[in-house]
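Just so it is clear, the structure is predicted and the values come from calculations on it, not from any experiment.
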Amino acid sequence: MKKYRTHTCGELNLKNNDEKVLLSGWINKKRDHGNLLFIDLRDNYGITQCVIDNKNEFFKKIENIPLETVIQFEGKVVKREKDTINKELNTGEIEIKISNFKILGTTKELPLPIFSDQEYSEEIRLKYRYLDLRRSKIHKNINLRSKVISYIRKEMENFGFLEFQTPILTSSSPEGARDFLVPSRLNPGKFYALPQAPQQFKQLIMISGFDKYFQIAPCFRDEDARADRSPGEFYQLDIEMSFINQEDIFNVVENLLNKVFKKFSTKKILNEKFPKISFEDSMLKYGTDKPDLRNPLEICDLTEIFKRDDVKFEIFKKLVKSGSIVRAIISKKTKDRPRSFFDNIDKWAKDEGSSGLAYFTFEKDNNKISGKGPIGKFFSPDACQEIMKLSNAEIGDSVFFACGKKKDVEKLLSSARDKIAKDLDIIDESIFAFCWIVDYPMYEIDEKSGKIQFSHNPFSMPQGDISKLNFNQPLSIKAYQYDIVCNGIELSSGAIRNHIPELMYKLFAIAGYDKESVEEKFSGMINALSYGAPPHGGIAPGIDRIVMLLANEKNIREITMFPLNQNAQDLMMNAPSNVDNGQLKELNINIIKKK
RNA sequence: GGGGGUGUAGCUCAGUUGGUUAGAGCGAUCGCCUGUCACGCGAUAGGUCGCGGGUUCGAGUCCCGUCACUCCCGCCA
């Protein structure tokens, strides 16, 4: 007989009836009837009920063993009586009649119970992560994550991609997120940076002629956390291909994501051919470049309405005159909603730091259209009609207005879309709604400095005939830059890269970098591009967020085995920590103490 | 850096208008119980009410400060 087990805790059934077996696992639960004791034994694969009564010489000893002890039971598989079958368990038709036992690992009193549906504070969960990870839900999530990654690897290989590792110790990049820095002992005063993404390396791999690359790549960014954003590190499915255009990449990724989401979730994919939405359209209709397409609400621009003489809403008219815009969301068939529905939304908008959301509802009495609600009286029947035309609204619908600077209006209405849809409960939770956001502008104006800067990746290829690009109007230049969004979550971004050095100098010049500084900052890339670079491009879907969607989790820590907390600390391993002076000296580092 | 929420037993939480000895469930310990699967019943132990200061005859409760965790904004090419 094997040393620890003949079977796992998830595999025994009626076919094994009468067999002598050896099981090892954790004591998940005990049900002690005094002279009869049930023990649920748990391992990675499942739970098996073991039973012992007072006729057995070990009864008293086993009765006193605490939960979560690691134990081995020797016994016989016994068929359960009909009325004692547990349909919840795969092993529920049998149980193990214990004949002998051996304790393999003892336990102290537990700081958190394992078998419980209770929620626990993150603090205690992260401090005792190895206990937390024994709990059913997160244990399943982590197993799911492993299977998803393994499946993605196989599919990528089937598509003809090769996986390569890229350096973890690399150089600091001047743009983008804050870098994590690693001091160099052999090069005093100099630092490595952990890669924010293998961006330059994957392009270098293409220039090296490998054609199709992928990697489940760790990425490091020293930025503040969010529920869906780990501080520190996360994983991307990094992809790069040569001799392709945008559509080729779309095909590979759509194909892959369709397969992954079908295999690992029962939710429906709304459009297997992901719809393409231009950045501009997305910002207008949804106020964001990561729209949740499950949400049917759309935004429309009504600025012109407030230039009419038969509209008397003076606050907005004044703002519009001085350059503000007005945009609105129509909610369908909301005329019978109580006043509190509207007031709640207005109050919410004020809590968001805006001046609120003005609203009214379209009504029709004796064939006369009017606006009912706080600001309805300021709009003539003609004006109402025009708004309905512009916004596809009907009698009985309501309109919520926001007025202000374009960026502020977009931001407020983007959240208002979510808020109103949530209040109306019109989001279908049973679907995945993917889309591509395409045609990103190459440049944008920095609000503070007024200077032109790259809006995304500076290595992206501008769209159109390169010889005819209008460098005098840089804001009109669009890039082959694209994002995938699913249910309002940004899953990935990618681009066709600029592989032409002369063009790159020109594009950098517009953003204020002269040739020398480009050569200094991106010498590796620029050099490489000047020795025969193939046209290439890629994308990098976020692994963590894919798994979050598949596991139906809102927090990235629920699908991460050993995450950092919001302050980028590991409460279990005590990282980051102090280091001794010897280490610092060797690295030529002085700590400046605050205050 | 800014805003919101939370902090009471090992864990999850309740605690009224500031008023007697701070409670419950789970867990732990002990006792009873032979068909449970959230087993049941009884008892016992377990508290720096995050920390510091203040107001008050009296503070878990009110005020000020501070710390921790969390959510959001900024940030994340």
Legend entry - Distance-minimising heavy-atom pair for A:H499 and A:L529: CA-CD2, 3.7 Å
Legend entry - Check: B:U70 base within 3.5 Å donor-acceptor of A:E123 side chain: no
Inset, instruction - Sort and list the pairs that fulfil salt bridge (Lys or Arg N to Asp or Glu O under 4.0 Å) and have at least one residue in residues 488-517 of chain A, not counting sequence neighbours. - result: A:E240-A:R497
Inset, instruction - Sticking with atom C1', work out how far B:U56 lies from B:C69, rounded to a whole angstrom. - result: 32 Å
Inset, instruction - For A:E81 and B:U34, give me the distance from atom CD to atom P, rounded to whole Å. - result: 18 Å
Legend entry - Under 3.5 Å on both distances, the Watson-Crick or G-U partner of B:C39: none
Legend entry - Sugar-phosphate only, base, or nothing, as touched by A:Q569 at under 4.0 Å among non-hydrogen atoms: sugar-phosphate
Inset, instruction - Taking atom C1' in both B:U61 and B:U8, compute the distance separating them and give it to the nearest angstrom. - result: 12 Å
Legend entry - Donor-acceptor pair (no angle test) under 3.5 Å: A:R31 side chain, B:U34 base: no
Legend entry - hbond_proxy A:K30 side chain to B:U36 base (donor-acceptor, 3.5 Å cutoff): no
Inset, instruction - Sticking with atom P, work out how far B:G18 lies from B:G60, rounded to a whole angstrom. - result: 13 Å
Legend entry - N/O (side chain, A:N555) to phosphate O (OP1/OP2, B:C71) under 4.0 Å: yes
Inset, instruction - Quick one: label A:D222 by what it contacts on the DNA or RNA (base, sugar-phosphate, nothing), any heavy atom closer than 4.0 Å. - result: nothing
Legend entry - Nearest-Å distance once atom P is located in both B:G74 and B:G3: 15 Å
Legend entry - Test side chain to side chain contact (heavy atoms under 4.5 Å, CB included) applied to A:R80 and A:V78, A:D83, A:T84, the passing residue: A:T84
Legend entry - Nearest non-hydrogen partners of A:I559 and A:A551, listed with the distance: CG2-CB, 3.9 Å
Legend entry - Base-pairing mate for B:G52 - Watson-Crick or G-U, with both contacts under 3.5 Å: B:C64
Legend entry - Integer angstrom distance from the P of B:G15 to that of B:A9: 15 Å
Legend entry - A:K29 side-chain N/O to B:U36 phosphate OP1/OP2 under 4.0 Å: no
Legend entry - Residue A:N54, side-chain atoms from C-beta onward, closest of B:A38, B:C76, B:U34: B:U34
Legend entry - Same-atom distance (P) from B:U6 to B:U12, integer angstrom: 16 Å
Legend entry - Pairing residues for A:Q246 by the side-chain contact (heavy atoms from CB on, under 4.5 Å) criterion, not counting sequence neighbours: A:F250, A:V438, A:Y480, A:Y482, A:I496
Inset, instruction - Find the distance A:F59:CZ to B:G35:C1' and express it as a whole number of Å. - result: 13 Å
Legend entry - Atom pair distance, as rounded to whole Å: CD1 in A:I47 and C1' in B:U36: 14 Å
Inset, instruction - Nearest whole angstrom, please: distance from the P of B:G40 to the CG of A:L37. - result: 15 Å
Inset, instruction - Could you tell me whether A:N567 contacts a base, only the sugar-phosphate backbone, or nothing, with contacts defined as non-hydrogen atoms closer than 4.0 Å? - result: sugar-phosphate
Inset, instruction - Indicate the atoms forming the closest heavy-atom contact of A:I526 with A:M504, along with that distance. - result: CD1-SD, 3.9 Å
Inset, instruction - Pick base, sugar-phosphate or nothing for A:S493, based on heavy-atom distances below 4.0 Å to the nucleic acid. - result: nothing
Legend entry - Distance-minimising heavy-atom pair for A:Q199 and A:Q203: NE2-OE1, 3.1 Å
Legend entry - Considering all heavy atoms, the nearest A:C9-A:D43 contact: N-OD2, 2.8 Å
Inset, instruction - Round to the nearest Å and state the distance from A:D32 atom CG to B:G31 atom C1'. - result: 11 Å
Inset, instruction - Sort and list the pairs that fulfil side-chain hydrogen bond (donor to acceptor under 3.5 Å, both in side chains) and have at least one residue in residues 90-99 of chain A, not counting sequence neighbours. - result: A:Q49-A:E95
Inset, instruction - For A:L36 and B:U36, give me the distance from atom CG to atom P, rounded to whole Å. - result: 10 Å
Legend entry - Who pairs with B:U12 - Watson-Crick or G-U, where each distance is under 3.5 Å: B:A24
Inset, instruction - Hunt down the Watson-Crick or G-U wobble partner of B:G46, both distances under 3.5 Å, from any strand shown, or write none. - result: none
Please tabulate the protein-to-nucleotide N/O contacts below 3.5 Å involving nucleotides 72-74 of chain B, giving atom names and distances.
residue : atom : partner : partner atom : Å
B:C72   : OP2  : A:A227  : N            : 3.0
B:C73   : OP2  : A:R226  : NE           : 2.8
B:G74   : N7   : A:R226  : NH2          : 2.6
B:G74   : O6   : A:R226  : NH1          : 3.0
B:G74   : O6   : A:R226  : NH2          : 3.2
B:G74   : N1   : A:D224  : OD2          : 2.6
B:G74   : N2   : A:D224  : OD2          : 3.4

Legend entry - Nucleotide B:G31, atom C1' - distance to CG of A:N35 in whole Å: 13 Å
Inset, instruction - Could you tell me whether the phosphate oxygens of B:C71, OP1 or OP2, come under 4.0 Å of any side-chain nitrogen or oxygen in A:R557? - result: yes
Legend entry - Below 4.0 Å: OP1/OP2 of B:A77 and any side-chain N or O of A:N457: no
Inset, instruction - Please work out whether the ring planes of A:F101 and A:F58 are parallel, tilted or perpendicular, with thresholds of 30° and 60°. - result: perpendicular
Inset, instruction - Take nucleotides 5-14 of chain B nucleotide by nucleotide from the 5' end and write B, S or -, depending on whether a protein heavy atom sits under 4.0 Å from the base, only from the sugar-phosphate, or from neither. - result: -----SBS--
Inset, instruction - Using the aromatic ring of A:H33 (for Trp, its six-membered ring), decide whether it stacks on the base of B:C39 within the limits of 5.5 Å and 30°. - result: yes
Legend entry - For atom CG of A:D117 and atom P of B:G25, their distance in whole Å: 19 Å
Legend entry - Results of side chain to side chain donor-acceptor pair (under 3.5 Å) for A:K15 - residues two or more places apart only: none
